[in-house]
Amino acid sequence: EPEVTQTPSHQVTQMGQEVILRCVPISNHLYFYWYRQILGQKVEFLVSFYNNEISEKSEIFDDQFSVERPDGSNFTLKIRSTKLEDSAMYFCASSEAQVGELFFGEGSRLTVL
Amino acid sequence: ILNVEQSPQSLHVQEGDSTNFTCSFPSSNFYALHWYRWETAKSPEALFVMTLNGDEKKKGRISATLNTKEGYSYLYIKGSQPEDSATYLCASYSGGGADGLTFGKGTHLIIQP
């Protein structure tokens with residue numbers, strides 16, 4: 001069964017460093033998303049991406065964040081200069097339709113020290 | 001920003017008993033309501049996507065109803081089994097704007113043998 005894959009599963013980084021989280025969505029899906037969950041809190045929307053551009057983004061998704069689909073299969077989230085409060089589980093998801101069910105990856109845990 | 005609320009926050013149910021829990025969401029500009037099951041150490045898995053007022057969906061022993069006019073959805077589990085233990089997330093999409101799919105905090109269900 002097709003699945004969304006994410007790498008790395010866990011990354012530890014120093015504050016101020018750049019981090020790239022990678023995702024391979026399901027191949028025939030057109031909509032891609034990043035969500036995050038800070039420990040003990042809600043799953044929060046970051047950004048959605050369609051047709052090679054951002055379609056929606058939340059207040060959390062500030063200038064430190066960027067997304068890219070560099071080669072037609074990978075979908076990456078870059079955090080330019082990490083802060084302590086960026087420590088969270090980051091989930092990538094994809095869907096066939098704009099409000100279709102989301103298929104989530106297993107998450108990338110980011111720890112910023 | 002949408003406010004999606006779920007209750008109760010956690011629930012202990014005896015194996016074999018039936019149970020239900022609630023998701024409430026703003027009814028204005030409603031577009032879709034999703035339910036996901038999230039088992040420990042796995043990624044969230046879609047149960048239902050509902051869009052129409054009065055919608056009822058069923059998957060095995062699990063069913064859900066939707067009232068878009070008053071802004072609530074119920075998830076029912078009939079004859080709970082240990083494998084039903086998980087966190088159940090609901091998420092609402094209002095269409096457009098910067099919220100994407102907005103998740104509630106979840107109901108953490110524990111089935112006791």
Query - Flag side-chain contact, heavy atom, 4.5 Å: Leu101(B) against Tyr35(A) - result: yes
When every non-hydrogen atom of Phe91(A) is compared with those of Pro44(B), the smallest separation belongs to CE2-CD, 4.2 Å
Derivation and outcome, ring pair (Phe, Tyr, Trp, His ring centres under 6.0 Å), residues Phe103(B) and Phe45(A): CA-CA 8 Å; Phe103(B) 283 82; Phe45(A) 169 73; 9.6 Å; no
task: Answer with yes or no whether the hydrophobic clustering places Tyr31(B) together with Leu30(A); edges join I, L, V, M, F, W, Y residues whose side-chain heavy atoms lie under 4.5 Å apart.
output: yes
*Under a 4.5 Å side-chain heavy-atom rule over Ile, Leu, Val, Met, Phe, Trp and Tyr, are Phe75(A) and Ile79(A) clustered together?*
yes
Keeping Lys42(A) on the side-chain end and Val4(B) on the backbone end, is there a donor-acceptor pair under 3.5 Å? yes
Assigning hydrophobic clusters by single linkage (Ile, Leu, Val, Met, Phe, Trp, Tyr; side-chain heavy-atom cutoff under 4.5 Å), is Tyr74(B) placed with Trp35(B)? no
Looking only at Ala46(B), Ala91(B), Ala32(B), most heavy-atom pairs under 4.5 Å shared with chain A are made by Ala46(B)
**Asked** Do the non-hydrogen side-chain atoms of Phe104(A) and Tyr36(B) ever get within less than 4.5 Å of each other?
**Response** yes
Item checked: More than 12 heavy atoms from other groups under 6.0 Å of CG on Leu84(A) -> yes
- Asp62(A) atom CG, over 12 foreign heavy atoms within 6.0 Å: yes
Bottom line for Leu89(B): the part with an atom under 4.5 Å from chain A's heavy atoms is side chain
- [ ] Can you establish whether the number of heavy atoms outside Lys83(A) located under 6.0 Å from its atom NZ is more than 12?
- [x] yes
Nearest heavy-atom approach of Ser43(B) to Gly105(A) is CB-O, 2.8 Å
Cut-off 4.5 Å, heavy atoms of chain B, and the answer for Gln37(A) is side chain
Open item on the list: Check for me, please, whether Val4(A) and Trp38(B) land in the same ILVMFWY cluster - side-chain distances under 4.5 Å, paths through other members count.
Closed with: no
